[in-house]
Amino acid sequence: MSDSRRRGGVLHFTKMHGLGNDFMVIDAISQPFQLPPERIRELSDRHFGIGFDQVLVVEPPGRPDVDFDYRIFNADGSEVEQCGNGARCFARFVREQRLTNKDRIRVQTRAGVIALDVQRDGWVTVNMGVPSFEPGTIPFKAAEPAVTHTLEVDGHAVTVSVVSMGNPHAVLLVDSLETAPVETLGPALEGHPAFPERANIGFLEVQDRRHARLRVHERGAGETLACGSGACAALVAGIRQGRLDAEARLELRGGPLSLSWQGEGAPVMMTGPTARVFDGRLSVPGAKAGKPAKSARGGRRRRGSRGRQRHAGRRRGEQS
Ligand SMILES: N[C@@H](CCC[C@H](N)C(=O)O)C(=O)O
């Protein structure tokens, strides 16, 4: 390890994206990681910072049956449970950094363990876990689970399907993505009192039983070009409303994802591409003074122990 890295003054990162949902990816196994929420907010800025929707952090495993711990921070600095597009980039990153050579990688998120399968063509299939419709799990304020719920927003009734993919989602069926009020209804529903921990809001236009289009206003990031967990939530909502088959292709603003869900109790499978954009170095003068970011749930997370050394092999600009 170089002197500057030992001093903790430089943070190495990699910029990646999954269908334009973009990330600052940090190897926190071979270097210390401390970015306070206000610094994440600054760095996420597309004019004054690096520009990203989420920060993804690779940590040593906290338990023996997983390969890594996977932490996620939204552009607003909040720590969250799940990021599907990020999970695919995570798999590519740990392999290219030679942190593992496995084709199947098990990672611990705040929402549980997910499995990442690297395909021969470089695409990654993620087992995103079993969706939950229990209001308390999402969390969502309702007496009992239902396929749809009605919320009031500015005096208007809005019908949503709510689902937890580890993180909270609401999905609205719309006639057209072009006229869907994503910019106004997205933020209004994200902060609706029925979602005590806010929510990601998907607008789903079903084309036929195996094809749909989706825009997502993400909690803590605004509208993004794609949201993997949002696509999973939209598939599940479309199936439960009788509009989609068990396997479907969802077209997001940044490109398509292939998804499948075999029904109640089964996990959602998501397959899509990843892209590595560039490697960078960041000066972090206050690194040692930083505190762990406040989570979207309001708690603070324990730092994992630092164990393994990385054998760095940096490559640039490769996309698959
Ligand atoms: N872009 C992600 C989701 C990231 C977290 C989300 N904004 C939240 O707050 O739950 C994805 O691809 O799933």
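We number each residue from 1, following the sequence as shown. Here the structure is a predicted model, which is why all the values come from computation and not from measurement. Whatever order the structure lists them in is the order used to number ligands and atoms, beginning at 1.
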### Task
Please write out which residues are connected to Val130 in a hydrophobic cluster, directly or through intermediates, given that two of Ile, Leu, Val, Met, Phe, Trp, Tyr count as joined at side-chain heavy-atom separations below 4.5 angstrom.
none
### Task
List in chain and number order the residues that pass side-chain contact (heavy atoms from CB on, under 4.5 Å) with Arg41, two or more places apart in sequence or in another chain; answer none if no residue qualifies.
Pro37, Glu38
### Task
Check each protein residue for a heavy atom under 4.0 Å from ligand 1 and list those that pass, ordered by chain and number.
Asn21, Gln54, Asn74, Val80, Gln82, Cys83, Gly84, Asn85, Asn167, Asn200, Glu218, Arg219, Cys227, Gly228, Ser229
Just list the side-chain donor-acceptor pairs under 3.5 Å for residues 144-159, sequence neighbours left out, or say none.
none

Would you call [X] and [Y] a salt bridge, taking side-chain N to carboxylate O under 4.0 Å as the test?
X      : Y      : value
Arg215 : Glu178 : no
Arg253 : Glu223 : yes
Arg198 : Asp76  : yes

